[in-house]
Each structure stands twice: as structure tokens, then as C-alpha cells.
Amino acid sequence: VHITKDLVAASATPLVLGILAEEESYGYAILKQVSELSGGRLEWTDGLLYPLLHRLERLGYVESTWRRPAGGRRRKYYRITDHGKAELASQQAQWTTVVDALRGIWRATRSAGTIAPPALEADQ
Amino acid sequence: VNADDDTDLEDQIAAWRAYMRRRRELDDTDGEELEDHLRGQITDLTEAGLRTDESFLIAVKRMGSFDELSREFAREHSERLWKQLVLAAEPDTPATSTSRSELLVMIGWALAAAVAIKVPAAFGLDFLSDDASFYQRNLALFALAPLAGYFAWRRRVRTGVIGTLAELFALGAIGANAFPLAVDSQSHVLTAIHLPLALWLVVGLAYVDGDWRSGRRRMDFIRFTGEWFIYFVLIALGGGVLTAFTVGIFDSIGIDALPFVENWLLPCGAMAAVVVSAWLVEAKQSVIENMAPVLTRVFTPLFAVALLAFLAGFLWTSVGIDVERDVLIVFDLLLVVVLGLLLYAISARDPAAKPDLFDRLQLALVVSALMLDIIVLLAIASRITEWGFTPNRSAALGENIILLTNLAWSAWLLLGFVRGRASFVKLERWQTGYVAVYAVWAWTVVLVFPPVFNFA
């Protein structure tokens, strides 16, 4: 399935916050995890993760520190804040509501056996 | 992976970083973060069996296009699109020690200027009472000597040039103080006006590192003068606001801050601002577009229209100009403004560019100013012998002739240029060469006029 740009953009924040809620991480590792979680189907342009991370930092959802692993290059790590956790909870609630509503409507249309909109069929 | 591949990869990554550095939206730490990402991706891809150069290409491709990246970064960091005058260095990058020491030296000279203006007060010369005339005559010395010192230090000028600078400032001190000038005499006022001009050109000697024969360096000093003036006015406006608030809030608790403002804040602040403005111009000259040429662009057409309208009105009403005693001074000032507009348009122009509409507008401006001035001179010619040659009138007339000569020849060169017969460089050379005339004239008024006119 191809996931549209709008949907990718909308899901980016909860995905990143969700990953950071597990443990602190850095850019490339976050992206790898997104790829693994979606089975490689959620395609991001790598570079665009960073403006997003900076925006989340400005909003106070995450905080960052530069650290240098022994013998390695300097790397920027991101950690979720309490404010970010609250935002994640709110996003979860929103997504659950949307997904539930979509499930409901799809079950209804299927059981009624009416003609499904062609756009939806093409996507299935 | 062999060593050769590794150096190749390092070169490629370095080139990629260099390319990114050209994007203003991405700062250096962003570049470091993205490079870390790129390296992570390359490592994974090579471990999966790809060659390093293949991995590099794929990693760069996945990173996304620079345009897209810049756009997204710009949306998040819009402040970066506004060039900041680098007062403190960018966060996360250590300030270079040279800019830090430069700042300290500037503060040193500004402080010296602020202290120097208060030194005469220690010898009982009060700023506000009868001794005001001393300050009026010597203000330029207090203001410009530290500035010349700052540039002498900054340019590391030769000892010989420092000697010349010291001599010229000493000469200025003599011109300001050696003659027995009464406070209400015309010569006193003329000295107070012309000494700053004379000494400003001495500062120019320090600015160009003693290389005063070079036309290009003179043009640099002209550019500097315009920018310095704008910064000084801006700082003065800020100082005015500060003063108003200081007086206002202290007044509310029953303390009169006015004496402090008049005796300390205003004189010391103004003297320090002279050096600070110069430092600002130096610090930002390659960072921000020069303001003076922009103002010139805006006001050249407006002044041209105003002068042409005035000429038309003059012909229409045929009343004739009301020739009063001070009319020459007003027209001197008008010529100065027109000359300034011409000068700062020249200072920003690409000498190789073809003549365009703006050059024609400028020609119209200069020609209409010249016509106006000639009308005034004709009207005044018969009266001037009747009034007699006082210092004021002689100075005003001399300046008028100097400016008229400059503008008349400029108009001729400009006409040649607009018609494609002469190169623009000639006009530039004429203007930079003419600076010497201003210097000679200013010193003449300061040093020769008082004895000639019996200190009137």
C-alpha cells in the first residue's frame, strides 16, 4: 500500500513521540524503528525527520543533548518530556477515536452490501 | 572496505557538508546531525553488502533534496532567514578569539572617548555654562580623535601615518583654540562647523591605512561615511528614547535626572556612539546590504520630481526668488543633499553596467539642482557686493561654487555616460578625486578665515 503524504505527515508526531516514550534515541535510530514498525511501508524522506524533531523540541515535547560515545563522533540524543508524554496521550486518544469511527463505518457499509466508494476499493 | 574507499568516502561526505553549508536555513549543528544520520545509513548499507560509494549515493538520495530540506528547515527556523548582525557568535559554535578581542578593543576606545569628553570638566570647564563655546569648537576633536585611534589600531597603520594623524589633530586643536574668537562671532560658528568636516577626512586617512591616493580606498571611506551616519542616527534615536524614559521614571520618585542626563549620559553616550557606530559598520559590511544606497534609490526620484516641480512653479509664477541673506545656505544644503544622492548611487553601482532609467533620473536631478542654483546665484550676484563679504557669506559663497563645480562636471560626465560616450569610471574617479577639494576648503575655513576676517 502507498500511504499518502498527508497521512504520513499526520502520523509522524505520534510515531516519534511513541518511540521516544520507550527510551531516548537519536535521529537515525528513530527512523530505523519507524521503518521496522511499519514493515518498511511507511516511507519518510530521511532529512525531514530533523525539522520535525526540532519543532517538537521547540514545543517542549522533547529535549535534546549532544553526547559523544567513547571514541565516536558527537551525536544528538532526544528524550521525551512530561509535556511530551501528555501530548502523546492526547494524540493516542485522537487516533483511537478516528480509527474506531473508520472501523464502524466500514463494518456498516460492508454488512449493508451497498456499493463501496471506488476510491476505498482501490485502496484496499 | 579498504583504506582507499574510506578516504574517498570522507571526501564525499566533506563535499556534501560543504554544499549544505551554503544553505542559510541549515546551521552547522544541523549539518552535524544530518551527517551523523548519513554515516549511520552508509554503515548499515555497507554491512548489507553494498560498496561504500553506492551506499553514499543511496544515503544521500534518501536524505531528500536540498531544496525540500531547506524549505522544511526554513519553516521551523524562520529566524535564520533574517541575517543577524553577529554580535555574539552563533550558539553552539565558540566565538572566534579575534572577534572577541576586536570587541574588547572597540569597547576600550569607546570608553576612552566617553571619558575624554569629561576631562575638561575636571579642570573646571563646565559643559552647560559659559564654557559651552569651548566644547562647541573642540567637540570634533573629542569625538574623532578616538575614532582615528580605533582605526589606526584596527588597520595597524605605519608609524609614519600615526605621526601624520597626530600632527593633523594637533593642527585642528590649534585652529579651534589659538584664535581669539568671540562666542557670538561668525568665525566661531564657522570653525565649529568646518573643523568636524576637516577632521572627519583625517579619520579617513586612518581608515584607508594611509593609502589616501587610491581612489578605490577613498570610495570605501565614502561608503563607510554613509553607513556610519545611518548607524549613528539610529543609535541617537535609541539614546533619545532611553533619555526620555530615564528622566520620566526618575521624575516619578521625585528625583530630577536631567542634570545627570545633560552632564553625563548625553555627552559620554554621544562620544562612545561615534566609535560604536564605526565598529558596527566594520562588523556588518559584508553581512548586510548597505543602507545608504537603498535610501538613495528611494529618494532620488522623489527629489528629482520635487525640484522639477519647483522649477516649473518658478517659471509659472515668475515671482522671482525672495533673496534673503541666508538664502545661499539653504541652497548649499540642497546641493549637499543632491551630491549625497549622486555619491551614494555611484558608491553602490556596478561600473560595468549599462546606463538605465535610474541614471537618467539622476541626470535630471543634478541638472534641475544646477539650474536652481544658477538662478539663485544670478539673483544674489548684484546684492552680494552691497552686503559686503562677511565670513559667513564668504564661506557660503565658496561652498556654493565648490558644489556647483562638482555637480556641473558630474552632470557633464553623467550625460556622456547616458549617451554611451563615456565610461562610468570617469564619474567615480571625479568624485573620489574631489574629496581633496573638500579637505582643502574645510582647513582653509578653520585656519585662514579667522585671521583674514580679523576674527569677526
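So you know, we letter chains A, B, ... as the sequences are listed, proteins then strands, and number each from 1. The figures here come from the full heavy-atom set of this structure, side chains too, leaving out hydrogens, waters and symmetry mates.
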Colleague: At a heavy-atom distance under 4.5 Å, which candidate from Gly64(B), Ser65(B), Gly40(B) has the highest pair count against chain A?
Modeller: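 Sorted descending by pairs with chain A, the first entry is Gly40(B).
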Colleague: My understanding is that only residues two or more places apart in sequence, or in another chain, count here; which of them pass side chain to side chain donor-acceptor pair (under 3.5 Å) with Glu32(B)?
Modeller: Arg74(A)
Colleague: Measuring heavy-atom distances to chain A, does Glu68(B) have an atom under 4.5 Å in its side chain, in its backbone, in both, or in neither?
Modeller: both
Colleague: For Phe299(B), I'd like to know if atom CZ has over 12 heavy atoms of other residues, nucleotides or ligands within 6.0 Å.
Modeller: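 Count not over threshold, so no.
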Colleague: Would you name the heavy atoms of Arg75(A) and Asp36(B) that are closest together and state the gap between them?
Modeller: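 For Arg75(A) and Asp36(B), the tightest heavy-atom pair comes out as NE-OD2, 2.8 Å.
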Colleague: Apply side-chain contact (heavy atoms from CB on, under 4.5 Å) to residues His54(A) and Asp30(B) and explain how you reach the verdict.
Modeller: CA-CA 10 Å; His54(A) 295 178; Asp30(B) 296 336; 3.0 Å; yes
Colleague: So, using ring-ring contact (aromatic ring centres under 6.0 Å, His included) as the criterion, who are the partners of Tyr78(A) when residues are at least two apart?
Modeller: none
Colleague: Please indicate whether Arg21(B) has more than 12 foreign heavy atoms, meaning atoms of other residues, nucleotides or ligands, lying under 6.0 Å from its CZ.
Modeller: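 Counting neighbours around CZ of Arg21(B), more than 12 heavy atoms of other residues, nucleotides or ligands fall under 6.0 Å, so yes.
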Colleague: Listing request: all salt bridge (charged side-chain N to carboxylate O under 4.0 Å, His left out) pairs with a residue in residues 50-62 of chain A, at least two apart in sequence or in separate chains.
Modeller: Arg58(A)-Glu76(B)
Colleague: Rounded to the nearest 0.5 Å, how far apart are NE2 of His37(B) and CG of Leu49(A)?
Modeller: 7.5 Å
Colleague: Counting only heavy atoms closer than 4.5 Å, note whether Arg71(B) contacts chain A via side chain, backbone, both or neither.
Modeller: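 Looking at Arg71(B), nothing touches chain A.
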Colleague: I need the contact set between residues 21-39 of chain A and chain B: heavy-atom distance under 4.5 Å, sorted by residue number.
Modeller: Tyr26(A), Gly27(A), Tyr28(A), Leu31(A), Lys32(A)
Colleague: Quick check on Phe66(B): does its CZ atom have over 12 non-hydrogen neighbours (other residues, nucleotides or ligands) under 6.0 Å away?
Modeller: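 Enclosed.
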Colleague: Using a strict 4.0 Å threshold on nitrogen-to-oxygen distance, state whether Asp46(A) and Arg62(B) make a salt bridge.
Modeller: no
Colleague: Tell me whether Phe358(B) at atom CZ has more than 12 heavy atoms from other residues, nucleotides or ligands lying less than 6.0 Å away.
Modeller: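 Yes, the 6.0 Å shell around CZ holds more than 12 heavy atoms from other groups.
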